[in-house]
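The structure appears right after this line, and notes come after that.
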There are 2 protein chains.
Amino acid sequence: MSELDRIDRHILNILQQDSSISNVVLADQVGLSPPACLRRVNRLREAGIIYAEVALLDPKKVGYQLNVIVEVELERDRPDLYDQFKRKVLAAEEVTQCYQVTGEVDFILVVVVPDMQAYEAFIQRVLYTEANMRKFRSLISLNRPKFETAIML
Amino acid sequence: MSELDRIDRHILNILQQDSSISNVVLADQVGLSPPACLRRVNRLREAGIIYAEVALLDPKKVGYQLNVIVEVELERDRPDLYDQFKRKVLAAEEVTQCYQVTGEVDFILVVVVPDMQAYEAFIQRVLYTEANMRKFRSLISLNRPKFETAIML
DNA sequence: CGTGAAATATGTATCGT
DNA sequence: ACGATACATATTTCACG
């Protein structure tokens, strides 16, 4: 795995906040010529360190007002069924994030939907049909005071 | 609030998956001339519908192996202290996401750190020093099977 | 919204350290 | 191995119809 020097980290910190800046501006900010800077950025992309560049939308402005954090407990004696559940979660568009956790709870899901009706539909389609489900708990959120994708290096 | 037509939604869906494509390619994919397409993208940016364009890093490749979902319960009789807690959370770099939820739990935090030591340091600095804290529960995750930022329209 | 032209940016080749 | 300069190609952006 490639080591990241000070300039690479500087580039990553900037692009994590704003990837729409031109390479010439980026190069200037990190103190390199544009070609030298571009080579580094391309190297970081090829290494998969930068795995995507995306536009972030304001959920409320596109009618997605509701976040639900779901704690899921599966039957413990069937670890092979974990993969089945994972596949279902990956296929469900409403689930934006899934964390496999240790302890009483097995998975945490972050579900983003327009309203309660859409959430009920999700429960019916994905959770109630899961044979392996022991129980789940839904934590409803209308407010997301913080949402950062950046890891500052 | 501005209405989104079919082409705007198409643009948003594409840019949520890859915002690094050139405007000419985007224009071609949605069936517009480049200037017409760029005018729409800029309109979406100015309306705050697109609120950021960012590079996403692979956490493991930059040494951030650990996600912790934290359920926080505060003292109920002091709703004014919610804001104090929110400010602390906004200032804490380890907290990448914060959801205010209804029910027994008051907040869900998503904390991203390199290792347990960094998490312990976070707990000491942010959670144990919170006078308003009733209790919290940490759900440790070494696996994040899904992480999507897109809302498909 | 589209066309065409001017201004910028990106990407390549080559050289120097 | 890495960065800088200069040049060629491509894209962004403006004015106008």
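Reminder, nothing fancy here: chain letters follow the sequence lines and each chain counts from 1. Quick note: numbers below take in every heavy atom, side chains included, and nothing from hydrogens, waters or symmetry partners.
Atoms CD and CG, from Glu75(B) and Asp106(B) in turn, are 9.5 Å apart once rounded to the nearest 0.5 Å.
Distance Arg43(A) CZ to dA1(D) P: 10 Å, rounded to the nearest Å. In this structure, CD of Gln29(B) is placed 13 Å from P of dT11(D), rounded to the nearest angstrom. Atom CG of Leu38(B) is separated from atom P of dT13(D) by 5 Å (rounded to the nearest Å). Remark: P of dT3(C) and CG of Leu32(B) are 11 Å apart, rounded to the nearest angstrom. In this entry the distance linking CG of Asp8(A) with P of dA1(D) reads 15 Å, nearest Å. One interatomic measurement links the two molecules: CG of Asn23(A) to P of dA9(C), which rounds to 10 Å at whole-angstrom precision. Rounded to whole angstrom, the span from the CZ atom of Arg6(A) across to the C1' atom of dG3(D) amounts to 18 Å. When rounded to the nearest whole Å, the span between CG of Asp5(B) and C1' of dC1(C) equals 13 Å.
A side-chain N or O of Gln97(B) and one of Tyr99(B) form a donor-acceptor pair less than 3.5 Å apart.
The side chain of Arg39(A) contributes no N or O atom lying less than 4.0 Å from OP1 or OP2 of dG11(C).
Electrostatic pairing of Lys88(B) and Asp83(B) does not count as a salt bridge here, judged by no charged N lying under 4.0 Å from a carboxylate O. Using a 4.0 Å cut-off between charged nitrogen and carboxylate oxygen, Glu71(A) and Arg137(B) count as a salt-bridge pair.
Using a 4.0 Å heavy-atom criterion, one finds that Ser33(A) contacts the bases of the nucleic acid, with or without backbone contacts as well. Across all strands, Pro34(A) comes closer than 4.0 Å to no nucleic acid atom at all (heavy-atom distances).
Among dT12(C), dC1(C), dT10(C), the nucleotide with an atom closest to any side-chain atom of Ala36(B) is dC1(C).
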